[in-house]
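Side-chain atoms are counted along with the backbone in the values below, which use heavy atoms only and exclude waters and symmetry mates.
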Amino acid sequence: MRRLQPSDRLVLATHNPGKVREFDDLLRPYGLTVVSAASLGLPEPEETGTTFAENARLKAVAAATASGLPALADDSGVVVHGLDGAPGVYSADWAGPGRDFRPAMRRVIDGLAERYGGLERADRRAAFVATLCLAWPDGQTSFHEGRVDGEIAPEPRGSGGFGYDPIFVPEGERRTFGEMTPAEKARLSHRARAFAAFAAAELAG
């Protein structure tokens, strides 16, 4: 089976600077030369999939085809039980074109309170899910998933991380991802778990 080698160039198929930072930290020990789709001036494909895997594949294949290099894409989001799985694959869409997650987090909290007649009665169980897709220029793809369960905090807490991190408390913890250091979050996060599966299957060494 083909694996990425330390001398390879890998495109991160994202324009999200938070994801670039996280993946750069994760990939650094493997010696790969990592470039982002944004730095290459690649357009963002429309995410028309209805699952995390479909959207990850759309982004990875588009970047691999345009660059002629292997490309790694992530599609991820928060799945809230009390909102019937929303925002799910539409997690980024809830933040609007400017990717402002403050109103998106407010929408989650207020939506739970409205549905249950108060946040104290709401089903605040949630999960962060990430699916990684590695695409090669010849069209070959592979997928790896990570998940972390937890609950929605009553209010955003912490300024670390990005996206919905300030309202997500992972199981067994009292702090949100937004209150954790990058290293603490990396030990628990859905993206780190998906990356561990990806590294075992796709990286040489």
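Under the 4.0 Å criterion applied to side-chain N and carboxylate O atoms, D138 and R2 are assigned as salt-bridge partners. D25 has no carboxylate O lying under 4.0 Å from a charged side-chain N of R21, or vice versa, which leaves the two without a salt bridge.
Grouping the Ile, Leu, Val, Met, Phe, Trp and Tyr side chains by contacts below 4.5 angstrom, directly or via other members, places W136 with L72. In the hydrophobic clustering of ILVMFWY residues, with side-chain heavy atoms under 4.5 Å counting as a link, L58 and V11 come out apart. If you chain together hydrophobic residues whose side chains sit under 4.5 Å apart, L188 and V79 fall into the same group. Cluster membership check: V34 shares its hydrophobic cluster with Y30, using side-chain heavy-atom separations under 4.5 Å among Ile, Leu, Val, Met, Phe, Trp and Tyr. Put simply, L112 and Y90 are part of the same group of oily side chains (I, L, V, M, F, W, Y) that touch within less than 4.5 Å, one to the next.
When R57, K19, R193 are each tested for a salt bridge (charged side-chain N to carboxylate O under 4.0 Å, His left out) with D74, only one passes: K19.
A distance of 12.0 Å separates CG in L26 from CG in L32, rounded to the nearest 0.5 Å. Taken to the nearest 0.5 Å, the CZ atom of F143 stands 8.0 Å off from the OG1 atom of T51. Atom CG of residue D24 and atom CD of residue E22 lie 11.0 Å apart, to the nearest 0.5 angstrom. Atom CZ in R147 sits 13.5 Å away from atom OG in S76 (nearest 0.5 Å). Atom CG in L4 sits 5.5 Å away from atom CZ in F198 (nearest 0.5 Å). Interatomic distance, CD of E54 versus OG1 of T48, reported as 8.0 Å (0.5 Å rounding).
A heavy-atom distance below 4.5 Å is found between the side chains of M180 and P170. P154 places none of its side-chain heavy atoms less than 4.5 Å from the side chain of I109. The closest side-chain heavy-atom distance from H190 to V129 is not below 4.5 Å. Using a 4.5 Å cut-off on side-chain heavy atoms (C-beta onward), E173 and V148 make no contact.
In plain terms, the two heavy atoms of A127 and D149 that are nearest each other are CB-OD1, 3.4 Å. Closest approach of A153 and V169 over heavy atoms only: CB-CG2, 4.0 Å. The shortest non-hydrogen separation linking A13 to K59 is CB-O, 3.5 Å. Residue A130 comes nearest to A194 through the heavy atom pair O-CB, 3.9 Å, listed as atom of the first residue, atom of the second, then distance. Of all heavy-atom pairs between A60 and A71, the closest is O-CB, 3.5 Å. Heavy atoms only, all atoms of each residue included: A126 and V78 are closest at CB-CG2, 4.3 Å.
Within 6.0 Å of CD in E114 there are 12 or fewer heavy atoms belonging to other residues, nucleotides or ligands. The environment of R106 atom CZ is dense: over 12 non-hydrogen atoms of other residues, nucleotides or ligands sit within 6.0 angstrom.
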Query raised in the report: Run the side chain to side chain contact (heavy atoms under 4.5 Å, CB included) check on F128 and S189 step by step: do they pass?
Result: CA-CA 8 Å; F128 258 130; S189 82; over 6 Å; no
Report task. Evaluate the criterion side chain to side chain contact (heavy atoms under 4.5 Å, CB included) for residue pair L69 and L10; output intermediate values, then yes/no. Result -> CA-CA 6 Å; L69 297 168; L10 176 67; over 6 Å; no
**Report entry** CA sep, side-chain torsions, deciding dist, call: F195, L203, side chain to side chain contact (heavy atoms under 4.5 Å, CB included)
**Finding:** CA-CA 10 Å; F195 182 84; L203 299 178; 4.2 Å; yes
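Figure legend: cation-pi geometry between K185 and F168 absent, as NZ or CZ is not positioned both under 6.0 Å from the six-membered ring centre and within 45° of its axis.
The backbone N or O of G49 sits less than 3.5 Å from a side-chain atom of N55, completing a donor-acceptor pair. Using modelled atom types, one side-chain atom of Y164 and one backbone atom of S91 make a donor-acceptor pair closer than 3.5 Å. Side-chain N or O atoms of R124 include one that pairs as donor or acceptor with a backbone N or O of I152 at under 3.5 Å. Looking only at distances, no side-chain donor or acceptor of H144 sits under 3.5 Å from a matching main-chain atom of A196. A donor-acceptor pair is defined here as one N or O able to donate and one able to accept, closer than 3.5 Å; such a pair exists between the side chain of Q5 and the backbone of R3.
Applying the side chain to side chain donor-acceptor pair (under 3.5 Å) definition to pairs two or more places apart or across chains, those involving residues 31-40 are S36-S39.
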Throw together a table of side-chain donor-acceptor distances under 3.5 angstrom for residues 92-105, partners on residues two or more places apart or in other chains.
from : atom 1 : to   : atom 2 : distance (Å)
R99  : NH1    : A92  : O      : 3.4
R99  : NH1    : G96  : O      : 2.9
D100 : OD1    : R102 : N      : 3.1
D100 : OD1    : R102 : NE     : 3.1
D100 : OD2    : R102 : NH2    : 3.1

